Amino acid sequence: MSGPAPADRPESRPGTELRSPAGLRFWTLPQARHWVLAAVLLSAAVIVLGLLVQVLPGDTAAELRVDQSLSLHHVAVLTAVAMGINLVFGPVAGLALVCLGALCLWLVRRDLVRAVGFGLVACSGWVASEAFKLLVARHRPDPALLFDPLSPETGSNSYPSGHVSFAVALAFALYFLARGSRWSRPVAAAGAAVALTVAWSRLYVGVHYPTDVAASFLAAGAAVVLLTGVWNRFGPRLAGWLADRLPVGAALPSSRS
């Protein structure tokens, strides 16, 4: 007799929690039905858009004018906000935030599986952005052409934005944690607002073109879609592996979770 259809398997239903023989619960993430195809299409869109903006005549010059316009109208308060975002969502501070959140989930809530899942989803945006940067290799806006360059950067690492990709993936990670609770909608709305603010800040600072930040939403989306599918498929094995190797109770959720 054939097994249940993929859509009927417990691990394919978002919000379910599977328990390993050792008692470690697995955290199932919301998953697109055709997650492989969705991830491929999103990734293809990122690559095609990145190649188009480099070959279309006048596109980069037109986008540069957006950065120049923002650079010409810098305001002290907005500059402080943009530079703060530049620091908080950068690689060092961003990784520290993710590690802090994962440690809280593990040590306070005693839920190692959620801690690992949260960390992977939150970091997936950065990983995806770095991969696409290598494929597209678009140069950043020339700071010498800006009226007030706030954070001069050069090199072939403009497309897509790592800061924006990280912000989008972090928003997904936090929403997954809040999903099913009264905080799910506020967290989703706040995450979207923060991601859009980070996108604005990268243009305001003058280190990215508009298409860089737009593609970041697609890149992070591709990463999250792919990761959730892989996590739901292979994560239960990871949960079992952790349960077999950690001390009893070290990775089990507390009664408050």
Side-chain angles (χ1 to χ4, degrees), residues 42 45-46 49-50 53 63-64 66-71 73-102 118-133 136 138-141 143 146 148-155 157-178 183 185-225 227:
L42 286 170
V46 176
L49 179 60
V53 296
E63 292 193 76
L64 180 61
V66 175
D67 291 335
Q68 289 174 327
S69 177
L70 290 171
S71 179
H73 299 91
H74 283 167
V75 180
V77 174
L78 296 180
T79 297
V81 172
M83 295 309 294
I85 290 174
N86 183 62
L87 174 64
V88 172
F89 287 87
V92 177
L95 181 59
L97 285 175
V98 173
C99 289
L100 180 61
F118 167 79
L120 290 176
V121 173
C123 291
S124 65
W126 270 112
V127 175
S129 69
E130 292 302 315
F132 288 120
K133 283 177 180 178
V136 178
R138 185 187 196 186
H139 284 276
R140 290 185 184 272
L146 300 177
D148 182 22
L150 297 175
S151 181
E153 296 184 38
T154 58
N157 55 355
S158 183
Y159 180 96
S161 165
H163 284 65
V164 179
S165 297
F166 170 64
V168 174
L170 180 61
F172 272 110
L174 292 173
Y175 170 73
F176 291 162
L177 289 176
W183 297 103
R185 290 187 178 181
V187 168
V194 169
L196 290 172
T197 303
V198 174
W200 158 83
S201 73
R202 304 314 286 159
L203 302 179
Y204 184 90
V205 173
V207 292
H208 284 288
Y209 297 104
T211 49
D212 296 344
V213 298
S216 302
F217 288 86
L218 299 176
V224 172
V225 167
L227 181 61

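Keep in mind that what you see is a predicted model, and the values were worked out from it rather than measured.
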Exercise for review: Measure the shortest side-chain to side-chain distance between W200 and V81 over non-hydrogen atoms and say whether it is less than 4.5 angstrom.
Suggested key: yes
Exercise for review: Using modelled atom types only, decide if a donor and an acceptor are shared between the side chain of S201 and the backbone of V198 within a distance under 3.5 Å.
Suggested key: yes
Point to revise | Side-chain heavy-atom pair V207, D67 within 4.5 angstrom cut-off | key: no
Review point. Taking only residues two or more places apart in sequence or in another chain, which ones pass side-chain contact (heavy atoms from CB on, under 4.5 Å) with L218?
Key: L42, A45, V46
**Study point:** Check: P141 and S158 side chains under 4.5 Å, non-hydrogen atoms
**Key:** yes
Exercise for review: Search all heavy atoms of G206 against all heavy atoms of L146 and return the closest pair with its distance.
Suggested key: O-CD1, 3.5 Å
**Study point:** Straight-line distance of R140 CZ to D212 CG, nearest 0.5 Å
**Key:** 8.0 Å
Check your understanding: Do you know the tightest heavy-atom contact between S124 and A223?
Key -> O-CB, 3.5 Å
Exercise for review: Kindly compute the distance separating NE2 (H208) from CD (E153), expressed to the nearest 0.5 Å.
Suggested key: 7.0 Å
Practice item. Of all the heavy-atom pairs spanning N157 and K133, show the shortest one and how long it is. Key: O-CE, 3.3 Å
Under 3.5 Å, which donor-acceptor pairs link side chains of residues 163-172 to any protein atom two or more places apart or in another chain?
unit_1: H163; atom_1: NE2; unit_2: N86; atom_2: O; d: 3.0
unit_1: S165; atom_1: OG; unit_2: S161; atom_2: O; d: 2.9

Check your understanding: Would you say the side chain of F176 lies within less than 4.5 Å of the side chain of V121, judging by non-hydrogen atoms?
Key -> yes
Practice item. Considering non-hydrogen atoms only, spot the tightest contact between A199 and V213 and give its length. Key: O-CG1, 3.7 Å
Point to revise | Separation between OH of Y175 and CG of L177, rounded to the nearest 0.5 Å | key: 11.5 Å
Exercise for review: Identify the heavy atoms of G50 and V53 that sit nearest to each other, and give their distance.
Suggested key: O-CG2, 3.2 Å
Check your understanding: Do the side chain of S129 and the main chain of W126 share a donor and acceptor less than 3.5 angstrom apart?
Key -> yes
Exercise for review: First locate atom CZ of R138, then atom OH of Y159, and finally report the distance between them rounded to the nearest 0.5 Å.
Suggested key: 8.0 Å
Check your understanding: Are the ring centres of Y204 and H74 closer than 6.0 Å?
Key -> yes
